[in-house]
Trainee: 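A single structure is presented below for examination.
Atoms within a ligand are numbered from 1 in the order they appear, just like the ligands themselves.
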Amino acid sequence: MRNTQRLDKLLSNHGYGTRKEIKQLIKRGIVKVDGEIVKDSGMHVDPMASTIEIDGEKLNYRKYVYIMLNKPQGVVSATYDNKYKTVVDLLPEEYKPFEPFPAGRLDIDTEGFLLMTNDGQLAHELLSPKKHVPKKYYALVEGMVTEDDKEKFREGIVLDDGYKTLPAQLEIIRAGAHSEVELVINEGKFHQVKRMFIAVGKKVKYLRRIEFGGLRLDESLKPGECRELTDDEVRILKER
Ligand code: URA
């Protein structure tokens, strides 16, 4: 199926400036379609079928973006907030025309892997309670986490509202007055990890999501940094 779009709109959506700025690029003769210098910024192109170049750089055409963000503390998982900085504010300008939104939520004080995308279908599926997409967290917990807690988490924990969680896999890295753990949950109830620990009399002091849907947070990303998923990573999410 042919999918033609106005060239100026397409380039603008891929971060090459406003339509007026695109017109200037075209005037300078640095935009080519299939090797031919473009004269008309309103020309229609099929970005799947044609090669588009801007100053010798090939357009990386995509309809959807999939971004792994290492969410820092102090920002909210929303597209707009009248008080706090949002995860969208953290993204480089080039992604803004795609209108990515967070696929799910991390609390304001939680760090780690947040998927940002404009693929509504995929986001919907990953967040569906029926899908049981696994999420792995690293947590620093006040109190001694025990083998008994591990067993309780494996059986499912009854939260403060009476909901019993699905079985969760708790791994104790270090147990003491403060404990370090890793926890895999297969659902995403509000404040779930914190509430699970409260149910066993402990308090989460620090929380970081280190895996989402089988993908690991890229360790080279500092809090606040992001990168696009590779095609293989997108495939892994879609095949869930
Ligand atoms: N569980 C929580 O309690 N908070 C988060 O941000 C994510 C999972």
Trainee: For K9, what residues pass the salt bridge (Lys or Arg N to Asp or Glu O under 4.0 Å) criterion, not counting sequence neighbours?
Mentor: none
Trainee: I need the nearest protein heavy-atom contact for atom 1 (N) of ligand 1: residue, atom name and distance, please.
Mentor: V193 N, 3.1 Å
Trainee: Under 3.5 Å between some N or O of ligand 1 and some N or O of R105?
Mentor: no
Trainee: Going by side-chain contact (heavy atoms from CB on, under 4.5 Å), M196 matches just one of V158, I185, D149, V204. Which one?
Mentor: I185
Trainee: Is it possible for you to check whether K189 lies under 6.0 Å from the centre of the six-membered ring of Y163, through NZ or CZ, and within 45° of that ring's axis?
Mentor: yes
Trainee: Answer yes if the ring centres of Y137 and F113 are under 6.0 angstrom apart, and no otherwise.
Mentor: no
Trainee: Which atoms from ligand 1 have a heavy atom of T110 less than 4.0 Å away?
Mentor: 4 (N), 5 (C), 6 (O)
Trainee: Could you tell me whether H191 and ligand 1 have an N or O pair separated by under 3.5 Å?
Mentor: yes
Trainee: Between D107 and ligand 1, find which residue part has any heavy-atom pair under 4.0 Å and reply side chain, backbone, both or neither.
Mentor: both
Trainee: Examine Y137 against ligand 1 and note whether any of their N/O atoms are separated by less than 3.5 Å.
Mentor: no
Trainee: Indicate every side-chain donor-acceptor pair of residues 123-133 with a distance under 3.5 Å to a residue at least two apart or in another chain.
Mentor:
unit_1 : atom_1 : unit_2 : atom_2 : d
E125   : OE2    : Q121   : NE2    : 2.6
S128   : OG     : K130   : N      : 3.1
K131   : NZ     : R240   : O      : 3.1
H132   : NE2    : P129   : O      : 3.3

Trainee: With a 4.0 Å heavy-atom cut-off (strictly under), which part of L207 contacts ligand 1: side chain, backbone, both or neither?
Mentor: side chain
Trainee: What do the steps show when you test Y206 against E111 for side-chain hydrogen bond (donor to acceptor under 3.5 Å, both in side chains), and what is the final call?
Mentor: CA-CA 8 Å; Y206 169 81; E111 287 184 358; 2.6 Å; yes
